[in-house]
2 protein chains.
Amino acid sequence: MVENNELRKAGLKVTLPRVKILQMLDSTEQRHMSAEDVYKALMEAGEDVGLATVYRVLTQFEAAGLVVRHNFDGGHAVFELADSGHHDHMVCVDSGEVIEFFDPEIEKRQKEIVKERGYELVDHNLVLYIRKKK
Amino acid sequence: MVENNELRKAGLKVTLPRVKILQMLDSTEQRHMSAEDVYKALMEAGEDVGLATVYRVLTQFEAAGLVVRHNFDGGHAVFELADSGHHDHMVCVDSGEVIEFFDPEIEKRQKEIVKERGYELVDHNLVLYIRKKK
DNA sequence: ATGAATGCAAAAACTTTGCATGACG
DNA sequence: CGTCATGCAAAGTTTTTGCATTCAT
């Protein structure tokens, strides 16, 4: 089980809910899931995990760097496995579709802007809200 | 009253709560206020406006383009007067200080990235999390 | 065995809504 | 005056928390 090592490395006890949630995030083709999404998916898979636990575990995973939490528009947070490298997101305002992208030029420019003002860049969050061209 | 014209131009009836809320946003030095912030500030100023009305009015103001709603991290939305032009934000993770900036190069690149994929840019949200250089 | 993790239900935080009353044009 | 806006309280959402029970080591 690769998952168990991930958990142990993160200093988290290997429990059934944590393993199941990690597997869920790893196996779903929908890369961005809300706590509710994860909960429902587990229920459908016959796994009996409480919603509160899903929230608690996802928060722990975030603290451990296993997942990234995004606050896109629309009230609820979504979580994404932190396996691939850094990237930003485009969200279609019509379909809700999420597209990942990485643009070296923007990344570079961000660092410059911050540096010009005597700061260092700790993190950033960029979301482009888009619509299919008619 | 400049505010009254703003409201009329936006097609909104000039009512006391709307005027007070607009003035509040205009006069506060804190550029980004949550609905709760606005509500409390009005109460302290002796203005008797319901919290529900603050939410309703801010939502109308957003639809009218008078304010911009931001979903920064942390559960609650903040609103900002749309008087100055568009800009993005840098937030200092140590002090919480918010710095506004505008970078033509990033703006331009965003449009290009989206266009390359057959979409049009509706809106975007960029926040740089920064720290003072040691 | 012992401390941590879970499930449930209750509560908290934020926002929206229904409805009777009151204000704007 | 008619209609739209407001206030209040109640309900909706999303997320967190308290506590008794269960589980991992």
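We use all heavy atoms of the structure for the numbers below, so side chains are in, but hydrogens, waters and symmetry mates are not.
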State, with a plain yes or no, whether a side-chain heavy atom of A:M90 is found less than 4.5 Å away from one of B:I113.
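Sidechains of B:I113 and A:M90: in contact.
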Just how far, in rounded Å, is C1' of C:dG3 from CG of A:L12?
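Interatomic distance, CG of A:L12 to C1' of C:dG3: 15 Å.
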Between P on D:dA9 and OH on B:Y55, what's the gap in Å once rounded to a whole number?
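In whole Å, D:dA9 P and B:Y55 OH are 17 Å from each other.
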Roughly, in whole Å, what's the span from NE2 in A:H76 to C1' in D:dT16?
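So the NE2-C1' distance, A:H76 to D:dT16, works out to 18 Å.
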Classify every nucleotide of nucleotides 20-25 of chain D by which part a protein heavy atom approaches to under 4.0 Å, writing B for the base, S for the sugar-phosphate alone and - for neither, in 5'-to-3' order.
----SS
Are any side-chain N or O atoms of A:D26 and backbone N or O atoms of A:Q23, one a donor and one an acceptor, separated by less than 3.5 Å?
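Not at all, since once roles are kept as given, no pair shorter than 3.5 Å links the two residues.
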Separation of A:I21 atom CD1 from C:dG7 atom P, in whole Å?
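Rounded to the whole Å, the gap is 8 Å.
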Start at the 5' end of DNA chain D and walk down; is the nucleotide closest to A:R56 or to A:A35 reached first?
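Final value for this comparison: A:A35.
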Is there a side-chain contact between A:F79 and A:M33 (heavy atoms, below 4.5 Å)?
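When only atoms from C-beta onward are counted, A:M33 and A:F79 do not touch, as no gap falls below 4.5 Å.
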Contact residues, residues 59-66 of chain B to DNA chain C [heavy atom, < 4.0 Å]:
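Those residues: none at all.
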Aromatic contact between B:H124 and A:H89, with the criterion being ring centroids under 6.0 Å apart: yes or no?
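Ring centres of A:H89 and B:H124 not closer than 6.0 Å.
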No-hydrogen, no-angle side-chain donor-acceptor test under 3.5 Å, B:H70 and B:E80:
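Present: a donor and an acceptor within the cut-off.
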Of B:V54 and A:L51, whose closest DNA chain D nucleotide lies nearer the 5' terminus?
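Nearer the 5' end of the strand: B:V54.
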Using a strict 4.0 Å threshold on nitrogen-to-oxygen distance, state whether B:K133 and A:E120 make a salt bridge.
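Salt bridge absent between B:K133 and A:E120.
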Please examine the side chains of B:L42 and B:M24, heavy atoms only from C-beta on, and report whether any two atoms are closer than 4.5 Å.
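In short, these two side chains touch, coming nearer than 4.5 Å.
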Interface residues of residues 36-48 of chain B with DNA chain C (non-hydrogen, below 4.0 angstrom)
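DNA chain C contact set from residues 36-48 of chain B: none.
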How many Å lie between CE on B:M33 and P on C:dC14, as a whole number?
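These atoms are roughly 15 Å apart.
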Whether A:F72 and A:H32 hold their rings parallel, tilted or perpendicular, with breakpoints at 30° and 60°:
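Rings of A:F72 and A:H32: tilted, as their planes differ by 30° to 60°.
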Let me know the distance between CZ of B:R18 and P of D:dC4, rounded to the nearest Å.
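From B:R18 CZ to D:dC4 P: 12 Å.
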Going by distance alone, is a donor N or O of one side chain under 3.5 Å from an acceptor N or O of the other, for B:E47 and B:Y39?
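Result is no, nothing qualifies.
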Between B:Y55 and B:Q60, does any side-chain donor sit less than 3.5 Å from a side-chain acceptor?
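Short answer, no.
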Given D:dC8, D:dT16, D:dT6, identify the nucleotide with an atom nearest to the side chain of B:V57.
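Side chain of B:V57 sits closest to D:dT6.
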Between C:dT16 (C1') and B:R69 (CZ): distance, integer Å:
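Roughly 11 Å, once rounded to whole Å.
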Look only at the side chain of A:T53 and the backbone of A:V49, and say whether a donor-acceptor pair between them is shorter than 3.5 Å.
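Not at all, since once roles are kept as given, no pair shorter than 3.5 Å links the two residues.
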More 5' along DNA chain C: B:V78 or A:T53, using each one's nearest nucleotide?
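It is A:T53 whose nearest nucleotide is closer to the 5' end.
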When the distance from CG of A:L22 to P of C:dA5 is rounded to whole Å, what number comes out?
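In whole Å, C:dA5 P lies 16 Å from A:L22 CG.
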With a 4.0 Å cut-off on N to O distance, would you call B:R109 and A:D103 a salt bridge?
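Result for this pair is yes, salt bridge flagged.
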